[in-house]
Participant: 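Next up is a structure, given as structure tokens.
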Amino acid sequence: MRYFSTRNKGQGVSFAAAALTGLAPDGGLFVPEEIPSYSGGVKNSLGNMDFCDIAFETIRPYVNPEIPDSVLEEIVHSAYPFSAPLVAVGDRLVLELFHGPTAAFKDFGARFMARAFSYLRRGEDKPLKILVATSGDTGGAVADGFYGVEGISVTVLYPRGRVSPLQERQIAGLGGNISALAVEGSFDDCQRLVKAALGDESLRKRLTLSSANSINVSRLIPQAVYYAAAAGKAFAGKTDPDGAATPRAAGNGEFAAGDFGVRAGQAVTLVVPSGNFGNLTAGLYAMKMGAPVRGFIAATNANKTVPDYLESGNYEARLSQATISNAMDVGAPSNFERMAAHFSWDEMKRIIRGVSVSDAETRETIAGVYRESGYFLDPHSAVGWKAADKLFAQGLIGKGSGVQGPWGHGPLAILSTAHPAKFAETVEPITAAVPVPPSLAKTMERKVESRTIPADVSALLEVL
Ligand SMILES: *Cc1c(COP(=O)(O)O)cnc(C)c1O
């Protein structure tokens, strides 16, 4: 597969070049020259296939022939010893994307990316240094994904005192080839330092530099896998039993989903809590490949650039506003450029409906779902839950809505992007003690080892 910049259809590059450089030289994002289709055989059996087999079939056309089948097979099995259960909660479905080591969906992208990088760089002797700026979740997933990968080291920059104790242990508790820098400043400062270092000539002479932010196409593609797996399962009329990390209070059992539950032969609508829109873009890829998806609800917090665009057709990036679902505090979503490269406004409007949710509504939803179902939602997933409620209240989804298309009546799944224990400081005061999954309990025992630096470029260059 060849990859093109969203800003220049002329020059194609290989998957390796697109993945290892991250951003196109003209500042655009890499997109595949075409979105491939599943073969009929695969499309019809998504509901019965193993998660790793779906991962293999989904990723293969994007990396073939650069990553041979036997290597891809190994990569997906080593990346995904966990999967993404589709469980019933109350009247609808929740697609739990937090069963990986850092308990957020970013594990799916980061773990594939690390293994792909390691293979694509075999035989290189100049070490690769990956620089990542994080506001919290990305740094942990990237650090964990690359931990122990030979020939690659990672430096994570995070704003000192502005990530949770758990996130800090995920970022700065591993050691080995992962180092952590606590920057005396904001996330924007961290990002500015990373950009400056990536452009520094003398540093580039010594080290091969790369970044691992969510615009990297090798993080995006593997995220299509859980959409295909969930859509296939729902279409086959199946759900999963609770997984080891499912945050359901004892005594609440598993609920049979009501109006929005699975029915064999019916395609699912997926609600995607969104910030940079990498997750939703991956969903669009899965749908285009042939996964049985009816449509998407793009759920945002107060940062509603994309819902407003879907409404008006005018795209206006803004400054970000701080909310309690802070991994989605993005006013200028970087993946929008990719969505717009593949789909016109009319096409997007036909398959995506945007909804914005306030912090007060998010809190009410966490409390309400816990009260009614004994299920803990993290603030990001709660934005998704509430977005569906708002459309239901407007008569746009659900029984009797009579509406055709992605909204209308049928199975509905909320993507749960993080485990609630990661955001216990917000969730617990309005619910009860959140059960902590084993991977996070282990992380809390780690010792933080990071170096504090002022928010200036020379300090970063000195450390590197
Ligand atoms: C990153 C993140 C999001 C937003 O995902 P995008 O792909 O940037 O839209 C939502 N929820 C959580 C918990 C995240 O970490």
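The model shown is predicted, which means the values in this text are computed figures rather than measured ones.
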Participant: How long is the span from the CD1 atom in Ile297 to the CG atom in Leu415, to the nearest 0.5 Å?
Facilitator: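 So the CD1 of Ile297 and the CG of Leu415 are separated by 11.0 Å.
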Participant: So, the side chain of Asp378 versus the backbone of Phe423: is there a donor-acceptor pair under 3.5 Å, distance only?
Facilitator: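 Not confirmed, Asp378 side chain does not pair with Phe423 backbone.
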Participant: Check the pair Asn301 / Thr323 against side chain to side chain donor-acceptor pair (under 3.5 Å), numbers first and verdict last.
Facilitator: CA-CA 7 Å; Asn301 55 30; Thr323 73; 2.9 Å; yes
Participant: Not counting sequence neighbours, list each pair that qualifies as a side-chain hydrogen bond (donor to acceptor under 3.5 Å, both in side chains) and has a residue in residues 217-232.
Facilitator: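 Listed once each, the pairs are Asn216-Ser218, Tyr226-Asn279, Tyr227-Asn279.
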Participant: Where do Ala236 and Gly47 come nearest, in terms of heavy atoms and distance?
Facilitator: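 Minimum heavy-atom separation between Ala236 and Gly47: CB-CA, 4.2 Å.
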Participant: Does anything in residues 6-33 form a salt bridge (Lys or Arg N to Asp or Glu O under 4.0 Å)? List the pairs, not counting sequence neighbours.
Facilitator: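 Checked against salt bridge (Lys or Arg N to Asp or Glu O under 4.0 Å) - neighbours excluded - the pairs reaching residues 6-33 are Arg7-Glu337.
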Participant: Checking Ser356 now: which residues fulfil side chain to side chain contact (heavy atoms under 4.5 Å, CB included) with it, not counting sequence neighbours?
Facilitator: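 Only Thr300, Lys304 meet the side chain to side chain contact (heavy atoms under 4.5 Å, CB included) criterion with Ser356.
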Participant: How long is the straight-line distance from CG of Leu95 back to OG of Ser416, given to the nearest 0.5 Å?
Facilitator: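 It is 8.5 Å, given to the nearest 0.5 Å.
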Participant: With no hydrogens and no angle check, is any side-chain donor or acceptor of Arg2 less than 3.5 Å from a backbone partner on Glu34?
Facilitator: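 No; zero donor-acceptor contacts below 3.5 Å.
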Participant: Distance under 6.0 Å and angle within 45° of the ring axis: does Arg122 meet both against Tyr119?
Facilitator: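 Yes, Arg122 lies over the aromatic ring of Tyr119.
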Participant: Out of curiosity, Ile351 CD1 to Phe296 CZ, how far, rounded to the nearest 0.5 Å?
Facilitator: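 The distance works out to 7.0 Å.
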Participant: Decide yes or no for Val306 and Pro333: does some side-chain heavy atom of the first lie under 4.5 Å from some side-chain heavy atom of the second?
Facilitator: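 Val306 vs Pro333: side chains touch.
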Participant: With sequence neighbours left out, write down each residue that passes ring pair (Phe, Tyr, Trp, His ring centres under 6.0 Å) with Tyr375, or none if nothing qualifies.
Facilitator: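 Tyr375 satisfies ring pair (Phe, Tyr, Trp, His ring centres under 6.0 Å) with no other residue.
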Participant: If the condition is side chain to side chain contact (heavy atoms under 4.5 Å, CB included), which residues does Ser78 pass it with, not counting sequence neighbours?
Facilitator: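 Scan of Ser78 (side chain to side chain contact (heavy atoms under 4.5 Å, CB included), adjacent residues dropped) gives Arg115.
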Participant: I'd like to know if the side chain of Ser179 and the backbone of Gly175 have a donor-acceptor N/O pair within less than 3.5 Å.
Facilitator: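 Checking the backbone N and O of Gly175 against the side chain of Ser179, no donor-acceptor pair under 3.5 Å is found.
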Participant: Under the salt bridge (Lys or Arg N to Asp or Glu O under 4.0 Å) rule, what pairs show up with a residue in residues 128-143, not counting sequence neighbours?
Facilitator: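 Listed by first then second residue: Asp137-Lys422.
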Participant: Ignoring hydrogens and geometry, is there a side-chain-to-backbone donor-acceptor pair from Ser373 to Tyr370 under 3.5 Å?
Facilitator: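 No.
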Participant: Could you grab the distance from atom CG of Leu29 to atom OH of Tyr3, nearest 0.5 Å is fine?
Facilitator: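 Taking CG in Leu29 and OH in Tyr3, the distance rounds to 13.0 Å.
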Participant: Would a distance-only check, ignoring hydrogens and angles, find a side-chain to backbone donor-acceptor pair under 3.5 Å from Thr431 to Val427?
Facilitator: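 It does hold such a pair.
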Participant: Stepwise, does the side chain to side chain donor-acceptor pair (under 3.5 Å) test hold for Arg294 with Thr269?
Facilitator: CA-CA 5 Å; Arg294 212 149 44 107; Thr269 296; 3.0 Å; yes
Participant: Please check if the distance between the ring centroids of Phe15 and Tyr62 is under 6.0 Å.
Facilitator: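 Centroid distance Phe15-Tyr62: not below 6.0 Å, so no.
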Participant: Could you work out, with side-chain hydrogen bond (donor to acceptor under 3.5 Å, both in side chains) as the rule, every residue matching Arg263, not counting sequence neighbours?
Facilitator: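 For Arg263 there are no side-chain hydrogen bond (donor to acceptor under 3.5 Å, both in side chains) partners, ignoring immediate neighbours.
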Participant: Does the Glu347 side chain pair with the main chain of Ser344, one donor and one acceptor, at a distance under 3.5 Å?
Facilitator: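 Between the backbone of Ser344 and the side chain of Glu347 there is a qualifying donor-acceptor contact (under 3.5 Å).
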Participant: What residue among Pro379, Ser381, Pro273 forms side chain to side chain contact (heavy atoms under 4.5 Å, CB included) with Ser325?
Facilitator: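 In the set Pro379, Ser381, Pro273, the residue that makes a side chain to side chain contact (heavy atoms under 4.5 Å, CB included) with Ser325 is Pro379.
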Participant: Would you confirm whether Thr365, through its side chain, and Glu361, through its main-chain N or O, come within 3.5 Å as a donor-acceptor pair?
Facilitator: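 Side chain of Thr365 to backbone of Glu361, a donor-acceptor pair under 3.5 Å: yes, one is there.
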Participant: Nearest 0.5 Å, what's the OG1-NE2 distance between Thr426 and His380?
Facilitator: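 Taking OG1 in Thr426 and NE2 in His380, the distance rounds to 9.0 Å.
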Participant: Could you tell me whether Phe376 and His419 have their ring centroids closer than 6.0 angstrom?
Facilitator: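 Here the rings of His419 and Phe376 have centres that are no less than 6.0 Å from each other.
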Participant: Could you measure the distance from the OG atom of Ser14 to the CG atom of Leu120? Nearest 0.5 Å is fine.
Facilitator: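 The CG atom of Leu120 is 8.0 Å from OG of Ser14, to the nearest 0.5 Å.
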Participant: Apply salt bridge (charged side-chain N to carboxylate O under 4.0 Å, His left out) to Lys106 and list each qualifying residue two or more places apart in sequence or on a separate chain.
Facilitator: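 Here no residue qualifies.
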Participant: So His99 and Glu96, side chain to side chain donor-acceptor pair (under 3.5 Å) or not? Walk me through it.
Facilitator: CA-CA 7 Å; His99 290 257; Glu96 295 185 338; 2.8 Å; yes
Participant: Can you pull out every ring-ring contact (aromatic ring centres under 6.0 Å, His included) where at least one residue sits in residues 18-53? Sequence neighbours excluded, please.
Facilitator: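 Pairs touching residues 18-53 that pass the test: Phe51-Tyr80, Phe51-Phe108.
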Participant: With sequence neighbours excluded, tell me which residues meet side chain to side chain contact (heavy atoms under 4.5 Å, CB included) with Leu72.
Facilitator: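 Partners of Leu72 by the side chain to side chain contact (heavy atoms under 4.5 Å, CB included) criterion, ordered by chain and then number, come out as Phe56, Ile59, Arg60, Val63, Ile67, Val76, Phe112.
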Participant: Please determine whether side chain to side chain donor-acceptor pair (under 3.5 Å) holds for the pair Asp329 and Ser320, giving the CA-CA distance in whole Å, both sets of side-chain angles, and the decisive distance to 0.1 Å.
Facilitator: CA-CA 6 Å; Asp329 292 350; Ser320 63; over 6 Å; no
Participant: Between Asp144 and Arg111, is a salt bridge (Lys or Arg N to Asp or Glu O under 4.0 Å) present by the stated rule, with each step listed?
Facilitator: CA-CA 8 Å; Asp144 201 277; Arg111 290 174 68 83; 3.8 Å; yes
Participant: Determine yes or no for a side-chain-to-main-chain donor-acceptor pair under 3.5 angstrom, with Gln170 supplying the side chain and Thr102 the backbone.
Facilitator: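 Yes; judged by distance alone, with no hydrogens or angles, the pair exists.
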Participant: Is a donor on one side and an acceptor on the other found under 3.5 Å between the side chain of Trp345 and the backbone of Tyr309?
Facilitator: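 Flag set: sc Trp345 to bb Tyr309 pair under 3.5 Å.
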Participant: So Phe4 and Pro32, do their side chains get closer than 4.5 Å, heavy atoms only?
Facilitator: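 When only atoms from C-beta onward are counted, Phe4 and Pro32 do not touch, as no gap falls below 4.5 Å.
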Participant: Over all heavy atoms of both residues, which pair between Ser210 and Leu128 is shortest? Give the atoms and the distance, please.
Facilitator: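 Residues Ser210 and Leu128, closest heavy atoms: CB-CD1, 3.9 Å.
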Participant: Going by the rule ring pair (Phe, Tyr, Trp, His ring centres under 6.0 Å), which residues pair with Phe235 if we only count those two or more places apart in sequence or in a different chain?
Facilitator: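 Ring pair (Phe, Tyr, Trp, His ring centres under 6.0 Å) check on Phe235 returns nothing, list empty.
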Participant: Residues in side-chain hydrogen bond (donor to acceptor under 3.5 Å, both in side chains) with Ser274, at least two apart?
Facilitator: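 If we apply the side-chain hydrogen bond (donor to acceptor under 3.5 Å, both in side chains) test to Ser274, skipping adjacent residues, there are no hits.
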Participant: So does Asn48 get a backbone contact from the side chain of Ser45, meaning a donor-acceptor N/O pair under 3.5 Å?
Facilitator: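 It does not hold such a pair.
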